[in-house]
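Inspection log for the structure reproduced underneath, given as structure tokens.
In this text the structure is predicted, and so the values were computed from the model without any measurement. Chain letters run A, B, ... following the sequence lines, proteins first and then strands; every chain starts at 1.
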Amino acid sequence: MALSGFPELLPAQRFVENAVLDRLRHTFELHGFAPLETRAVEPLEQMLRKGEIDKEVYVLRRLHADPDDAADSSGLGLHFDLTVPFARYVLENAGHLEFPFRRYQIQKVWRGERPQTGRYREFTQADIDVVARDSLSFHHDVEVARVMAEALAALDFLPPLRLQINNRKLMEGFFLGLGAPDVPAVMRAVDRLDKVPSEVVGQQLVDDAGLTLEQAAQCLALAGIRSLDSSFVSSVWALGVSHPLLDEGLGELAAVIDGCAGITSERLVVEADLRIARGLDYYTGTVFETRMAGFESLGSICSGGRYDSLASDGKVTYPGVGISLGVTRLLIPLFQQGLLTASRSVPSAVLVALPDDDARAMCDTIAQTLRARGIPTEVAASPQKFGKQIRYAERRGIPYVWFPGAEGHEVKDIRSGDQVGADPATWTPPFVDLQPQVISQKVVE
RNA sequence: GUGGGUGUAGCUCAGCUGGUAGAGCGCCGCGUUGUGGUCGCGGAUGCCGCGGGUUCAAGUCCCGUCACUCACCCCA
């Protein structure tokens, strides 16, 4: 019985997911990010500090706990992201960590939401963050963007991606320079631009954020600016608004965009997009979102940003910058549309056919000889007709069937039908056949 | 949490104004007596989501319920 929102994968899909996780780990470690895993549960008060997501937290309770006894409640919940647990971890282990501390964390998280395509109750996130004590150099904003961009580019079987970057200081400075009375309200309205038509947002800017029609038009003009290089700066200047915070934000965003120059390919675009706002209010500077071509309705599949007070113990503040990839959100829709799978559903590259039960020992020896040389091999379960055994391999995508013989062995590539004499001590399949390969299909319209 | 849609074979679905369940794909077998795929022939498979009601009779109508799904909210 499938539980909605708690996806379970078939073996070929899990293989693809493993390939994604392997490549992410590889890229993150290549940049020196340390591996980290935190416990699955956090104290409720820890999680409820940020945002209004309290309803979404799965609470932990003993089956035999007395529901009427408040003291029997564990006070624990499953973590709903990896940022808040990381903040708690940094505070607890500050004495053992070297700052700036760079870590990656790939784990399941849980949210008690209503499931939908791209929205799950249990899903995997891959986070990278850099956190420092007291102050964090701005160049880490660039670093985080570059590392994730590189990691995304390494997932070369995905549809084209668009990493969109903006800056909260830029937006706030612009809104302040414009004379907006309620900056957060402006932010919320602009954040809805990808959901509702700009006329509606414009009306909301007037009605809810208290802007004049002219000010609202300026905000929409700002949100319409995007560029693949730092040319957005002059576009903003052309709007004639000035504020110190605006200049600071423009400088930071230009630095991030320039810092990512050279990463852009036909598969991954990095651009400044001044409509990106992010709902979460703890971001204070750089903000990231990522969209996947053909899957825009999923929203962002990789987001994050700069937060100046990720954690604080009262005396010391730990600012950070990070970005989080929604591995599950990314993969499940591709699986559902049949755009992504693996070349086979089992690791085996070779099936050793079993002529009869007496031959099992010999077949096991052949298999062991192949395995010793790194070739994943299984022996047929029963001495069925060879046609059946070949079909067994075909169903699973196993590319080779090995036929033992008294005078000599033969191995058949069942895709081509080619069958040749072979020695288990020396025969080696092409490298690509050793492991299942990720297969991606182009979107067909 | 709010609002819409849908629940029939392993999968995708069809089943008219109620008369006791079908197709395609897949699966199994045979043709092919130890080498699959193509082709041909044959075969198996259903608490028609669950509970109740109306009726001589319910997959079909009514009520309830659960599940799935889409949108809002929010977000990876």
Side-chain angles (χ1 to χ4, degrees), chain A residues 1-7 10 20 24 50-57 79-84 105-128 148 152 161 163 188 191-192 194-196 200 276-283 287-292 295 297-305 322-333 336 338 351 353-357 359 380 382-405 410-420:
Chain A
M1 181 61 195
L3 272 177
S4 177
F6 296 91
L10 291 169
V20 167
L24 292 175
K50 307 270 187 190
E52 318 82 52
I53 1 99
D54 50 332
K55 288 176 298 191
E56 295 186 356
V57 175
H79 59 220
F80 62 84
D81 73 2
L82 300 178
T83 307
V84 171
Q105 199 171 335
I106 303 176
Q107 284 182 246
K108 289 279 179 66
V109 306
W110 294 267
R111 290 183 195 176
E113 302 190 271
R114 193 77 136 229
Q116 237 168 84
T117 301
R119 300 182 55 187
Y120 307 96
R121 289 170 159 168
E122 178 181 68
F123 58 99
T124 300
Q125 283 191 321
D127 277 39
I128 54 173
M148 189 55 88
L152 292 173
L161 301 173
L163 175 55
R188 281 195 303 275
D191 191 35
R192 293 177 50 76
D194 57 338
K195 283 278 183 189
V196 296
V200 176
I276 301 302
R278 307 293 300 136
L280 295 174
D281 54 5
Y282 54 75
Y283 293 117
V287 287
F288 306 105
E289 288 195 1
T290 310
R291 263 152 250 277
M292 184 158 65
F295 293 85
S297 62
L298 289 179
S300 177
I301 52 105
C302 181
S303 326
I323 185 165
S324 174
L325 173 63
V327 175
T328 308
R329 167 171 286 186
L330 188 70
L331 292 178
I332 301 265
Q336 283 177 336
L351 172 74
L354 185 64
D356 54 71
D357 282 319
S382 64
Q384 292 176 293
K385 288 199 287 192
F386 282 161
K388 291 271 185 60
Q389 299 195 38
I390 291 171
R391 195 165 65 189
Y392 172 97
E394 187 193 18
R395 294 274 163 77
R396 290 160 179 75
I398 300 172
Y400 298 96
V401 176
W402 192 280
F403 295 102
E410 292 195 338
V411 65
K412 175 183 184 118
D413 182 336
I414 64 173
R415 296 161 300 186
S416 64
D418 296 341
Q419 186 165 335
V420 296

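Within 4.0 Å of A/Gly387, counting heavy atoms only, lie sugar-phosphate atoms of the nucleic acid but no base atom. A/Ile301 comes within 4.0 angstrom of sugar-phosphate atoms only, judged by non-hydrogen atoms across all strands, and of no base. Within 4.0 Å of A/Leu354, counting heavy atoms only, lies at least one base atom of the nucleic acid. Contacts of A/Arg188 with the nucleic acid, taken as non-hydrogen atoms under 4.0 Å apart, are absent. Within the nucleic acid shown, A/Tyr392 has no heavy atom closer than 4.0 Å to any nucleic acid atom.
Closest to the side chain of A/Arg114, out of B/A76, B/U35, B/U2, is B/U2.
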Between the protein and nucleotides 24-29 of chain B, list every N/O to N/O distance that falls short of 3.5 Å.
from: B/C27; atom 1: OP1; to: A/Arg395; atom 2: NE; distance (Å): 3.1
from: B/C27; atom 1: OP1; to: A/Arg395; atom 2: NH2; distance (Å): 3.1
from: B/C28; atom 1: OP1; to: A/Arg395; atom 2: NH1; distance (Å): 3.4
from: B/C28; atom 1: OP2; to: A/Arg395; atom 2: NH2; distance (Å): 3.2
from: B/G29; atom 1: OP1; to: A/Lys388; atom 2: NZ; distance (Å): 3.1
from: B/G29; atom 1: OP2; to: A/Arg391; atom 2: NH2; distance (Å): 3.2

Could you write out each protein N or O paired with an N or O of nucleotides 39-42 of chain B at a distance under 3.5 Å?
none

Under-3.5 Å N/O pairs linking protein and nucleotides 7-9 of chain B:
none

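With sequence neighbours excluded, the residues satisfying side chain to side chain donor-acceptor pair (under 3.5 Å) with A/Arg415 are A/Tyr400, A/Asp413, A/Asp433. In this structure, the side chain to side chain contact (heavy atoms under 4.5 Å, CB included) partners of A/Gln116, at least two apart in sequence or on a different chain, are A/Arg119. For A/Asp357, there are no side chain to side chain donor-acceptor pair (under 3.5 Å) partners, not counting sequence neighbours. Residues passing the ring pair (Phe, Tyr, Trp, His ring centres under 6.0 Å) test with A/Phe403 are A/Phe386, sequence neighbours excluded. In this structure A/Asp81 satisfies the side chain to side chain contact (heavy atoms under 4.5 Å, CB included) test together with A/Thr83, A/Val84, A/Pro85, A/Arg111, A/Gln125, A/Tyr282, sequence neighbours excluded. For the side chain to side chain donor-acceptor pair (under 3.5 Å) test, residues two or more places apart in sequence or in another chain that qualify with A/Gln419 are A/Glu410. Every residue was checked against the side chain to side chain donor-acceptor pair (under 3.5 Å) condition with A/Gln389, not counting sequence neighbours, and none meets it. Applying the side chain to side chain contact (heavy atoms under 4.5 Å, CB included) rule to A/Ser297 yields no partners; only residues at least two apart in sequence or on another chain are considered.
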Exercise. Report the secondary structure of RNA chain B in dot-bracket form, marking unpaired bases with a dot and bases paired to a different strand with |, and treating Watson-Crick or G-U pairs with both distances under 3.5 Å as paired.
Key: (((((((..((((.....[..)))).(((((.......))))).....(((((..]....))))))))))))....

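Between A/Gln116 and B/U69 there is no side-chain polar atom (N or O) within less than 4.0 angstrom of OP1 or OP2.
Judged by atom type and distance alone, A/Gln419 reaches the base of B/U35 through a side-chain donor-acceptor pair under 3.5 Å.
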